[in-house]
Structures are given as C-alpha cells and as structure tokens.
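Below, all heavy atoms of this structure are taken into account, side chains as well, without hydrogens, waters or symmetry copies. Whatever order the structure lists ligands and atoms in, that order sets their numbers, starting from 1.
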Amino acid sequence: MPAQANKPLISLVVPFYNEQEAVAPFFARTVPILEAMADLRFEIVCINDGSTDETLRRLIAASARDARVNVIDLTRNFGKEAALTAGIDEAIGDAVIPIDADLQDPPELIPAMVEHWLNGAEVVAAKRTDRDDDTLAKRTAAALYYRAHNALSEIKLLRNVGDYRLMDREVVNALCLLPERRRFMKGLFAWVGYRTVIVEYKREPRSAGRSKFSGWQLWNFALEGITGFSTVPLRCWNYLGALIAVGAFLYAGVVVAKTLLFGNPVAGYSSLISVMLFLGGIELIGIGVIGEYIGRIYYESKGRPVYLVHRRYRGNAQESVTPIGNGAPSPRRNLKLVSTRRRPPARARASGSGH
Ligand code: UDP
Ligand code: MG
C-alpha cells in the first residue's frame with residue numbers, strides 16, 4: 001500500500017528488565033493511543049534486557065499477535081542505558097521515542113510530542129512537573145545532582161527531564177555516531193543538541209513491580225554522568241594543592257619567626273598528626289578521583305560492544321544473531337539519512353528552548 005508506506009513511522013523504544021506484570025498493561029494502554037494517530041505508522045521495539053522472569057515469553061507472544069511489536073532479546077542484563085542504546089540502534093522510525101515499560105512515562109503524551117515534531121521540533125523532551133511520588137531524600141538528591149552536574153559540566157542537563165522524549169531521525173543518527181561504551185544517555189541526548197521543545201507531564205506511580213535502581217546504583221549513575229561529561233573533578237586538585245602549598249609556606253614563615261623570637265619549645269604532636277591525617281585524606285580522595293577516570297578509560301579502551309543481541313522476534317519470525325566479535329563496535333544498523341516527516345514551512349517551526 002503506497003499510501004501507507006508514505007506515512008511517517010514512529011518507533012517506540014521500550015526497555016524491559018523483569019517486567020512480567022507490566023507487559024500487558026503497557027500494550028493495552030499504549031497501542032490504542034498509537035492507533036488513534038491515523039496519519040502515522042508505528043513500531044514498538046521492546047528490548048528484553050536479560051529478564052529472568054516471564055517477560056521475554058510475554059513479549060514474544062505480544063509480537064506474535066501484533067507484528068508491529070519487535071522484540072530484541074539481549075544475551076544478559078546490560079543495564080538500562082545499554083538496553084536503550086540497543087533499541088535506538090534497532091529502531092527504523094522517522095522519529096524515535098524511548099519510554100519506560102512501567103507506564104511511569106504516560107503514553108498519552110505521545111500525540112502532543114508528535115504534533116510538535118510535525119511542526120518542526122527535532123527533539124521533544126518530556127519534563128516532569130512534580131516529584132511528589134518520590135521520597136524527600138530522592139527529591140533532594142535529584143535537585144542537588146542537577147545543580148552539581150550543571151555547575152561542573154559544559155553540557156547542561158534539562159532539569160527533571162529523563163529519557164522520555166521524541167527524537168527526529170537526524171538526532172538519532174547523530175546519537176548513533178557517538179562511539180563511547182559507557183553511555184549516560186541523558187548526557188548524550190544533551191550533547192547532540194538540536195532544536196528542543198519541552199512538554200510537561202506528571203510522572204505516575206509504577207504500573208506494577210518495583211524500581212530496578214537501588215540508592216547505590218543511582219549514586220554510581222550520578223558519578224557516571226559527571227565523569228562522562230566533566231574533567232573538573234580531575235583538575236580541581238591542582239588548585240587545592242596550590243592553596244595548601246601557599247598555606248604551608250605561610251605557616252612555615254610563622255614557625256621560623258616564632259622559633260627565632262621565642263626559641264624552640266617542642267610542642268605540637270597533636271597539631272602535627274591532625275595536619276598529616278588531613279593531608280593524607282585529601283591525597284587519597286585525589287587519587288580516588290583519578291582512579292574513577294582511569295577506570296573509565298580502561299573500560300573504553302577495551303572497545304567491547306555496548307550490548308550483544310541474542311535473538312530478534314517479529315510476528316512469528318525469529319532471527320538468531322551472530323555475535324559481533326573482536327570488540328567491533330555495535331552495529332549501527334539503520335542510519336537512514338533523512339526522515340520522511342513532512343517538513344513544515346519555515347515560519348511554522350518551533351523555536352528552540354532548553355539547552
Ligand atoms: N531497565 C532495564 N534494565 C535495567 C534496569 C531497568 O531495561 O537493568 C528498564 C526497566 O524495565 C524500565 C526502565 O528501565 O522499563 C526504568 O526502570 P525503573 O522503572 O526500574 O527505573 P525508575 O523509574 O525507578 O527510575
Ligand atoms: Mg520506573
């Protein structure tokens with residue numbers, strides 16, 4: 001059907017990790033919304049990120065019922081960032097929308113996002129207007145994090161904007177060109193830039209199951225973001241060192257003057273030991289920060305793929321995949337050069353905001 005083929009294709013990219021209870025509600029709520037947009041076609045790229053429950057079987061069943069559902073089964077749990085990367089690589093849409101499986105990102109927002117896209121926005125980012133569902137500790141930590149990240153990094157993150165967004169094919173292609181293995185997606189999304197429009201939404205509670213991220217994982221995720229996008233933590237030690245050296249020099253002058261004036265009464269064991277311990281602590285922190293970066297250089301230098309695909313399922317077809325060996329980059333399969341979105345007249349294009 002040529003008319004059908006000319007309609008722009010929207011790809012939803014959905015990572016699933018042990019989400020067996022979330023599978024059915026996700027399709028039940030999302031598919032009617034997508035079907036209601038009659039001028040568009042859609043595909044739903046589901047990534048099974050090494051689930052150990054019934055998730056994969058349920059996804060395969062969903063795909064068998066509806067060939068617009070495409071299942072990418074990874075060989076193990078690679079983490080959400082890798083799962084998203086896999087989905088974005090596999091998606092062939094003119095616009096790609098990463099969305100969580102647990103319905104915390106309301107799919108009702110998709111028509112508004114698509115509208116902005118058809119009017120010329122290249123990125124439509126969804127910003128949560130409240131964090132009422134989060135604990136006070138999580139809210140405070142998130143606020144501090146955005147502040148710290150944006151102070152330290154040249155790449156500014158949009159506050160309270162997560163992975164839920166629409167990206168034009170051009171933006172997706174740009175993302176696919178970024179070679180890093182440690183993929184802090186929010187940072188990469190911000191790094192590529194493009195004309196961004198914000199739509200606001202209220203984040204809902206999880207449809208089922210529990211969050212996959214512990215406090216410790218979130219802390220490591222935060223470190224990943226800062227070390228991935230800023231070298232300030234590495235460089236600040238020069239300045240701290242210089243400050244301490246100047247202080248030590250001045251203090252040495254005071255000690256010499258005192259000795260000359262008042263002789264040398266031996267005193268100060270406690271002050272000596274506290275200065276030593278203080279400086280030892282500072283040095284260890286400095287070495288630790290260097291270690292954080294060296295660890296990341298180590299991982300990057302191995303050049304391992306970000307993820308491995310085990311099988312692909314679409315409709316009743318199943319495709320097994322030869323693993324890419326030799327640390328070759330993950331296949332960036334679908335570098336279509338242009339989107340088939342109808343370009344609006346220049347004056348109707350949305351103006352940029354955000355970055
Ligand atoms: N997820 C994943 N791999 C992981 C952890 C999470 O694919 O290792 C998926 C998860 O299934 C969900 C999305 O990432 O679709 C967001 O996870 P979650 O809801 O646990 O995070 P939160 O909303 O609590 O930040
Ligand atoms: Mg969630």
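- Residue Pro15 places at least one N or O, backbone or side chain, under 3.5 Å from an N or O of ligand 1.
- Asp49 OD2, 2.6 Å is the protein heavy atom nearest to atom 3 (N) of ligand 1.
- If you check each of Lys212, Glu81, Glu19 against atom 20 (O) of ligand 1, the one with the closest non-hydrogen atom is Lys212.
- The Mg ion (ligand 2) lies at 2.8 Å or more from every N, O or S atom belonging to Ser211.
- Of the protein's non-hydrogen atoms, Phe213 CD1, 4.1 Å is the one closest to atom 25 (O) of ligand 1.
- With a 4.0 Å heavy-atom cut-off, ligand 1 is reached by the backbone of Tyr17 and by its side chain too.
- The closest approach between any non-hydrogen atom of Gln217 and ligand 1 is not below 4.0 Å.
- Within ligand 1, the atoms closer than 4.0 Å to a non-hydrogen atom of Ala101 are 15 (O), numbered from 1 in the order shown.
- Cation-pi geometry between Arg29 and Phe26 is not satisfied (NZ or CZ under 6.0 Å from the ring centre, within 45° of the ring normal).
- Considering each of Asp102, Asn18, Asp100, the one bringing a non-hydrogen atom nearest atom 13 (C) of ligand 1 is Asp100.
- Phe184 and Tyr145 have perpendicular rings, their planes meeting at more than 60° on a 0 to 90° scale where under 30° would count as parallel.
- Close contacts of ligand 1 with Phe16, meaning ligand atoms under 4.0 Å from a residue heavy atom, involve 7 (O), 11 (O).
- A 4.5 Å side-chain heavy-atom check between Tyr201 and Lys127 finds every atom pair outside the cut-off.
- Interface atoms of ligand 1 facing Gln104, defined by a heavy-atom separation under 4.0 Å, are 19 (O), 23 (O).
- Contact of the Tyr194 side chain with the Asp168 side chain is not registered, since no non-hydrogen atoms from C-beta on lie closer than 4.5 Å.
- Sorted pairs that involve residues 281-304 and meet ring pair (Phe, Tyr, Trp, His ring centres under 6.0 Å), not counting sequence neighbours, are lacking altogether.
- In this structure, Arg57 places its CZ atom where only 12 or fewer heavy-atom neighbours from other residues, nucleotides or ligands lie under 6.0 Å away.
- Shortest contact from atom 14 (O) of ligand 1 to any protein heavy atom: Lys80 CD, 3.3 Å.
- The atom of Asp102 nearest to the Mg ion (ligand 2) is OD2, with the search restricted to N, O or S atoms.
- Below 4.0 Å from some heavy atom of Arg203 lie the following atoms of ligand 1, by number and element: 23 (O).
- Within the 4.5 Å cutoff, the side chain of Pro15 has heavy atoms near those of the Leu84 side chain.
- Every atom of ligand 1 is numbered from 1 in the order shown, and the set under 4.0 Å from a heavy atom of Asn77 is 3 (N), 4 (C), 8 (O).
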### Query
So Leu279 and Val275, side-chain contact (heavy atoms from CB on, under 4.5 Å) or not? Walk me through it.
CA-CA 6 Å; Leu279 288 181; Val275 169; 4.1 Å; yes
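- Applying the salt bridge (charged side-chain N to carboxylate O under 4.0 Å, His left out) test between Lys80 and each of Asp49, Asp102, Asp100 identifies Asp100 as the sole match.
- A salt bridge is defined here as a Lys NZ or Arg NE, NH1 or NH2 lying under 4.0 Å from an Asp or Glu carboxylate O, and Arg314 with Glu90 fails to meet this definition.
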